[in-house]
Structures are given as structure tokens and as C-alpha cells.
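What follows is one structure encoded as C-alpha cells, with my remarks underneath.
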Amino acid sequence: MIFAVNRAWREFGRANGADATGTDVGVNYLEVARRAATAGVGGSAEFAAALERALAGDLRPFDLEYPCHSPTEQRWFVARLRPYVVDGEPCSLVIHDSATLLALSREEIDKLLLVARRTANGVLITDAEERVEWINDAVTDMTGYPFGEIQGRKLLEFLQGPDADRPAMDAIREAIKARRGTTATLLHYRRDGQPIWVEIRLDPVFDQDGVLRHFVAVQIDVSERRRFEKRAERAAQAERERMALDLHDGLGQELTGASMMLSAAASNLGKGHPERPLLSQALEALQRAMVSAREIAHGLAPVYLSRGLLPALQGLAVQMSVAGGMVIEVQSDPSIQVDIERAEQLYRISQEALANAVRHSRGRRITLSLRRKHHRLTLRIADDGSGFDPQQEQSGLGLLSMKHRVAGLGGDVSVESTCQGGTEVCCSLPLGVPACAGDTF
């Protein structure tokens with residue numbers, strides 16, 4: 001028999017249309033539970049059996065989660081049965097706690113786990129200390145590592161490789177330290193040592209009190225995409241080379257022939273002929289067009305690059321030195337081997353930086369150095385000019401262009417005004433492993 005209820009019990013009953021006397025003081029609660037079981041109410045039979053055992057002297061506690069949906073919402077409760085004895089008589093305290101949020105959370109977790117297991121993207125879950133706690137099958141398919149060989153390892157340790165991209169790894173490291181999300185593309189390695197490119201999205205997970213509990217990393221294999229991008233870049237480079245040859249062998253030769261004919265015509269007219277000055281002006285205009293065509297052809301496809309990056313940089317230095325009247329010194333280890341893509345981007349960055357130095361530095365000397373340390377290349381171009389205002393320069397199109405050129409290679413570019421005066425452009429990028437086979441320079 002129920003001998004006491006609290007206000008919350010009565011208020012819940014009234015709010016849900018229960019008879020005011022149906023489950024109040026004086027009612028046989030065991031009979032209520034049995035009738036509910038007969039009516040097929042979920043969990044009622046198990047609860048009635050537990051209550052009967054408690055009233056027979058079984059003092060073991062009993063908990064049961066059960067649904068109690070209304071016409072407007074889904075709800076779950078936990079019935080907690082706590083037997084005790086008063087003056088030799090068995091009694092029970094029955095508490096009904098709302099478990100709706102817990103049940104919905106479990107349902108949501110089940111859905112998310114199903115998605116995480118089925119997705120083709122790799123999913124890794126770590127603890128707050130970045131140690132891997134769970135991976136889906138896609139991680140194993142992508143990397144060749146079974147869970148047992150990843151479990152307990154730190155995420156950055158798992159992602160680190162001999163040619164891992166420093167800026168990308170630094171970005172992930174800073175995000176973990178700051179407890180924020182980030183996205184990075186980096187060179188990763190399979191268990192068998194084969195390189196793969198992956199795009200990683202990392203996010204922290206906090207509990208309701210704001211305490212960091214996990215990190216979730218989703219990685220996508222973008223190796224095929226990078227191979228496609230490289231093939232597209234090679235095709236674009238081949239087209240630039242074709243256009244350069246057309247300019248040199250087609251338009252260039254036509255302009256050269258026209259120049260020779262104008263020179264001959266000017267010579268035949270004699271020095272005092274009234275038309276000779278006009279022919280001389282036309283000849284000068286034609287020669288300027290020849291220079292422009294030659295420069296455009298060289299810009300489309302650096303002819304020196306076919307002999308290697310270092311000769312290309314040396315040739316560029318000579319060209320810029322003559323054009324700008326500055327001494328340009330090239331320093332490099334001749335044994336450095338660079339793949340085609342990096343050679344092209346380093347040449348273009350050098351072209352941009354040297355042109356800026358010649359036009360704006362008001363200096364007399366430029367030093368271009370190419371160095372290798374471990375698995376990284378560093379290109380530095382420094383002049384002894386007047387420097388610049390860092391606030392204005394950082395947003396310039398030239399710097400944005402240089403950053404764009406190396407961003408996809410995992411590199412970074414900085415431009416600084418040195419304390420001695422002058423400007424230094426520094427480009428650092430990993431040597432990496434080419435996604436497509438090709439020549440090195």
C-alpha cells in the first residue's frame with residue numbers, strides 16, 4: 001500500500017491525466033504495476049516482479065529504464081526501487097527519475113557511431129591527452145594500421161612522418177593547445193611506408209561543464225586529387241611551353257625578319273633621306289616588340305629550367321642584374337634535387353622577389369640562396385635596400401601570390417624588413433614525395 005508521495009508525483013499525475021486517487025496514498029501499488037503489465041506497458045512486468053521480491057524481504061536495489069511517451073513528446077524514465085525494513089516490516093522507496101536526455105543522447109550516439117563506422121572517411125577519437133581511443137575501419141583501410149597498433153598513440157605522433165609538412169603539423173599542434181578546431185592537408189604514410197596525402201579536420205569535444213574530453217579527427221585521402229592537380233599543372237606547363245615556343249619560333253622569327261628588312265631599307269635610303277627618321281622609329285618600335293615577345297616567352301616557360309633549377313636561377317639573376325643594374329649573387333648547393341613542381345614554384349617566387357627588389361629596394365646588392373636542411377628547402381632573397389613598411393607590405397598582391405604558390409606544397413612564405421635595412425623574402429617547404437613520377441632538377 002502507498003503510504004506517502006511527494007508533490008512532484010502528484011503534479012506529474014495531474015499534468016498527464018491520471019486519476020487523482022489512482023496512484024496516491026492508500027493504493028496498492030503492486031496491483032497497479034500488475035495491471036500495467038497485463039495491459040502490455042513496457043517494463044511493467046519486470047518492475048512488478050522486483051517490487052514483489054522487495055516486499056517479500058529481498059533488499060537488493062533495482063533500476064529499470066522504461067518509456068513513458070506522451071502524445072506530444074518522447075520520454076523515458078528510470079524507476080529506482082530501494083527496499084528497506086521498518087519495525088521488521090519490509091518497505092520500498094520508489095523513485096521515478098527522468099532519463100529522456102540520457103536516452104536521447106544514447107540514441108544520438110548510436111546514430112553517430114553508425115555514421116562513423118560506415119563512412120569512407122577515416123575517423124579517430126582521442127582522449128583529452130590526444131591518445132587514440134577509437135578508430136573506424138576506414139582508418140585501417142586508408143593507412144594499413146590496425147587499431148591495436150594505433151591505440152594509445154598520440155595523434156600527432158601517428159600523423160608525423162619523415163617528410164611531414166611543418167606548417168600543417170604546427171597548425172594542428174597549435175589547435176590542440178588552444179583547444180579549437182582546425183583543418184590541414186599534409187603528407188601522411190601508410191604502414192608499408194607508402195606516402196598518401198590526407199586532409200584532416202580536427203575538433204575538440206567538451207562535456208556539459210566545459211571540460212575537454214576528446215578530440216575527433218576526420219581524415220580524407222586526397223592523394224588522387226593531388227595527382228590530378230599535378231597532372232593539370234603539368235598540362236598547363238606544357239601549354240605554356242608550347243605558347244613560348246610559338247612566340248619564339250613563330251612571332252619572334254617574323255619580327256626578326258621584319259627588323260632585318262627595315263634595317264636594309266634604312267641603309268638603302270641613305271643618311272639624308274627624309275623618310276629615314278621614320279624608318280628608324282619603326283625599327284626601334286619593332287625591336288621593342290621583339291624584346292617584349294622574348295620576355296613573354298621566357299615568362300611563360302623559363303628556358304633555363306630545362307637544364308635544372310640552379311642554372312635557371314643563375315640565368316634569372318643575370319637577366320635581372322642587367323635589367324636593374326644591381327649585383328645579384330646566387331648561393332646554392334649543386335647537389336640539391338628538386339621535383340618539377342617545386343622547381344617551377346621556386347623559380348616563380350624568385351622571379352617575383354627579384355623583380356620587386358630591383359624595382360623598389362633602391363639597393364645595390366641582392367643575395368639569393370637555396371639551402372636544404374633535413375627534408376626541407378629554404379629559399380632566401382635578401383637585398384641591402386631601404387626596406388618597407390610591414391603594415392602595408394603584408395597585404396600586397398606579390399606576397400599573396402607567393403603564398404598561394406607554396407600553400408599546396410605545405411610551405412610558407414614570409415617577407416621581413418631587416419634591422420640593418422633591406423628586405424628578406426624567405427620561402428620554406430618540404431621536399432616531399434612527388435605524387436606523380438617525373439624528373440627532378
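Because only heavy atoms are used, hydrogens play no part in the values below, and waters and symmetry mates are left out as well, while side chains stay in.
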Near Arg364 CZ, under 6.0 Å, is it more than 12 heavy atoms from other residues, nucleotides or ligands? no
More than 12 non-hydrogen atoms from neighbouring residues, nucleotides or ligands closer than 6.0 Å to CZ on Arg362, yes or no? no
Are the side chains of Leu186 and Ile172 in touch, meaning some heavy atoms are under 4.5 Å apart? yes
Just so I know, are the side chains of Leu346 and Leu429 near enough to count as touching, which here means a heavy-atom distance under 4.5 Å? yes
Plane angle bin for His96 and Tyr66 - parallel if under 30°, tilted between 30 and 60°, otherwise perpendicular: perpendicular
Short N-O contact, Arg348 and Glu344, less than 4.0 angstrom: yes
Hey, is Lys177 close enough to Glu174 for a salt bridge, meaning N to O under 4.0 Å? no
Under the side-chain hydrogen bond (donor to acceptor under 3.5 Å, both in side chains) rule, collect the residues that match up with Arg60, sequence neighbours excluded. Asp58
side-chain hydrogen bond (donor to acceptor under 3.5 Å, both in side chains) partners of Asp384, counting only residues at least two apart: none
Main-chain N/O of Ile196 paired with Arg226 side-chain donor or acceptor, under 3.5 Å: no
Whether Ser321 side chain and Met326 backbone form a donor-acceptor pair below 3.5 Å: yes
Under the ring pair (Phe, Tyr, Trp, His ring centres under 6.0 Å) rule, collect the residues that match up with [X], sequence neighbours excluded.
| X | value |
| --- | --- |
| Phe158 | Tyr145, His188 |
| His360 | none |
| Trp134 | none |

Could you note down all residue pairs passing salt bridge (charged side-chain N to carboxylate O under 4.0 Å, His left out) where residues 208-221 supplies at least one of them, sequence neighbours left out? Asp207-Arg213
Got a sec, which pairs hit salt bridge (charged side-chain N to carboxylate O under 4.0 Å, His left out) with one end in residues 127-149, sequence neighbours left out? Glu149-Arg191
Just to verify, what does [X] make a salt bridge (Lys or Arg N to Asp or Glu O under 4.0 Å) with, not counting sequence neighbours?
| X | result |
| --- | --- |
| Arg179 | none |
| Asp97 | Arg80 |
| Arg153 | Glu157 |
| Asp192 | Arg190 |

Which residues satisfy the side chain to side chain contact (heavy atoms under 4.5 Å, CB included) test with Ser280, sequence neighbours excluded? Arg276
